[in-house]
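Notes for the one structure printed next.
These numbers come from a predicted model, not from an experiment. Numbered from 1 within each chain, the chains take letters A, B, ... in sequence-line order.
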Number of protein chains: 2
Amino acid sequence: MNNKNNKTNTIELDEKTRQFTSQCREAGLKVTPQRIAIYRELLKTDEHPSAEMLYEKVKKIFPSISLDTVNRTLLTLNEIGAAFTVVGSGDARRFDGGLHEHQHFRCVKCKRIIDFHHKPFDNIKLPAEISEKFTVLRKTVYLEGLCNLCG
Amino acid sequence: MNNKNNKTNTIELDEKTRQFTSQCREAGLKVTPQRIAIYRELLKTDEHPSAEMLYEKVKKIFPSISLDTVNRTLLTLNEIGAAFTVVGSGDARRFDGGLHEHQHFRCVKCKRIIDFHHKPFDNIKLPAEISEKFTVLRKTVYLEGLCNLCG
DNA sequence: TACTAAATAGTATTTACTCCTATTTGTCAA
DNA sequence: TTGACAAATAGGAGTAAATACTATTTAGTA
Ligand SMILES: [Mn+2]
Ligand SMILES: [Mn+2]
Ligand SMILES: [Zn+2]
Ligand SMILES: [Zn+2]
């Protein structure tokens with residue numbers, strides 16, 4: 001079948017589901033069938049799905065699940081460290097007119113984007129694997145966390 | 001006055017506006033007062049504004065400007081390289097259940113997010129300037145461009 | 001000065017969440 | 001095993017951001 005790179009196989013998946021169940025209990029979260037289903041669908045793919053994409057998949061198991069549940073669950077997974085959001089997605093688009101070489105730190109709380117410049121980050125060397133396969137238009141070191149005001 | 005780090009000063013701003021004007025003509029774009037105003041407002045700040053934030057500022061000069069014009073203009077600036085969108089903004093939120101160390105390449109055309117792993121990117125050393133000032137929760141090397149299918 | 005394609009204003013629509021509330025369910029303690 | 005209760009869910013409403021549409025205006029040019 002469709003046996004791609006980083007997909008979790010069935011045995012692994014069951015083991016990870018058991019671990020996830022413990023993780024939920026430790027975090028004081030209820031182990032609901034919806035939560036399990038969303039978690040498992042996320043692990044079964046390497047396509048980095050959006051909430052909507054997972055919603056469509058989980059609907060096949062729970063036809064009456066709501067998109068809000070999928071969204072809330074994914075945020076919960078992120079909070080307990082069972083999954084994470086891919087950098088570069090979510091939030092409103094922000095613009096920059098500063099064309100000098102520099103990098104950005106984003107505060108996850110107040111959403112400020114703060115410039116900094118660290119020369120070693122200017123010219124990152126890519127592995128041949130990447131530069132041969134893709135047309136890389138942009139390479140960035142991106143930092144995220146709490147700023148001096150929110151820290 | 002409020003003379004922050006990377007803000008463009010008035011003399012610089014006028015010079016850059018002249019350059020921008022040429023850049024527009026070279027690209028076959030009309031030099032409209034709205035376009036100039038949006039460009040100048042973007043250069044005057046280091047807060048990495050959203051379209052909405054710039055809209056509020058430009059409205060003081062052109063009270064009847066539409067948000068759509070601001071949005072379109074910013075995308076145009078991005079296309080001709082007069083400005084750019086900050087990484088980590090725009091598009092729907094995407095999730096990842098793969099907790100192993102790895103990095104992402106995003107195709108700007110088909111929006112696919114592709115995993116890769118380059119060990120040197122795993123533990124980026126931050127300058128003291130940053131780690132002292134901020135609580136860094138996440139540091140990533142992020143790549144953007146055209147994938148093998150869209151290239 | 002007059003023509004034309006490009007750009008804009010204003011509005012409508014779409015997308016991606018986020019919030020709200022009544023109902024259901026997992027957990028725990030009796 | 002059952003009952004109480006806080007947590008979670010379904011379904012719908014609300015909101016924010018971006019995009020699409022169309023009539024009107026305007027910059028570039030000839
Ligand atoms: Mn910047
Ligand atoms: Mn990944
Ligand atoms: Zn902050
Ligand atoms: Zn692609």
Mind checking if A/Arg72 touches a base, just sugar-phosphate, or nothing, with heavy atoms under 4.0 Å?
base
Does anything in residues 47-67 of chain B pair up under ring-ring contact (aromatic ring centres under 6.0 Å, His included), and if so which pairs, sequence neighbours excluded?
A/His104-B/His48
Degree of bending, the helix from C/dT1-D/dA30 to C/dA30-D/dT1 (end axes from five pairs; round to 10°)
40°
Heavy-atom nearest pair, A/Gln23 first then A/Gly81, reads NE2-C, 4.0 Å
Kindly point out which of D/dT9, C/dA16, C/dG26 is positioned nearest to the side chain of A/Pro33?
C/dG26
Within residues 19-31 of chain A, residues whose heavy atoms come under 4.0 Å of DNA chain C
A/Arg25, A/Lys30, A/Val31
Between CD1 of A/Ile65 and P of D/dA10 the distance, given in whole Å, is 5 Å
Counting only side-chain N and O atoms of A/Thr32, is one of them less than 4.0 Å from OP1 or OP2 of D/dT9?
yes
For the backbone of A/Leu29 and the side chain of A/Arg35, can you confirm whether one donor and one acceptor N or O come within less than 3.5 Å of each other?
no
Go through the side-chain N and O atoms of A/Arg106 and A/Tyr142 and say whether any donor and acceptor fall under 3.5 Å apart.
yes
With no hydrogens and no angle check, just 3.5 Å: does a side-chain donor-acceptor pair link B/Thr21 and B/Arg18?
no
Ignoring backbone atoms, establish whether B/Arg94 has a side-chain N or O less than 4.0 Å from OP1 or OP2 of C/dC17.
no
Does A/Gln34 have a side-chain nitrogen or oxygen under 4.0 Å from the phosphate oxygens OP1 or OP2 of C/dT25?
no
Answer yes when A/Asp46 and B/Arg112 have at least one side-chain N-carboxylate O distance shorter than 4.0 Å, and no when they do not.
no
Interatomic distance, A/Leu67 CG vs D/dA13 P [rounded to whole Å]:
15 Å
CG of B/Leu74 versus P of D/dT19: gap in Å, rounded?
11 Å
Assign each of A/Leu75 and B/Ser66 to its nearest nucleotide of DNA chain C by heavy atoms, then name whichever residue's nucleotide is nearer the 5' end.
B/Ser66
Between P on C/dC20 and CG on A/Asn71, what's the gap in Å once rounded to a whole number?
16 Å
Are B/Ile65 and B/Leu67 joined in one hydrophobic group, where the rule is that I, L, V, M, F, W and Y side chains link up if heavy atoms are under 4.5 Å apart?
yes
Interatomic distance, B/Ile61 CD1 vs C/dT8 C1' [rounded to whole Å]:
16 Å
Cluster overlap A/Ile36 with B/Phe95, hydrophobic side-chain contacts below 4.5 Å:
yes
Mind checking B/Pro63 for me? I need base, sugar-phosphate or nothing, with any heavy atom below 4.0 Å counting as a touch.
nothing
Over all heavy atoms of both residues, which pair between B/Cys24 and B/Val31 is shortest? Give the atoms and the distance, please.
CB-CG2, 4.0 Å
Hey, is the side chain of B/Arg35 poking within less than 4.0 Å of OP1 or OP2 on C/dA7, counting only N and O atoms?
yes
Is a side-chain donor-acceptor pair under 3.5 Å present for A/Arg25 with A/Ser22?
no
Nearest-nucleotide pick for B/Ala51, side chain only, options being C/dT8, D/dG11, D/dA18
D/dA18
Rounded to whole Å, how long is the line connecting atom CZ of A/Phe62 with atom P of C/dT24?
17 Å
Check if the side chain of A/Asp68 and the base of C/dC19 share a donor-acceptor pair of N or O atoms closer than 3.5 Å.
yes
How long is the line joining CG of A/Asn78 and P of C/dC17, in whole Å?
13 Å
Could you tell me how far apart A/Glu52 (CD) and C/dT18 (P) are, to the nearest whole angstrom?
14 Å
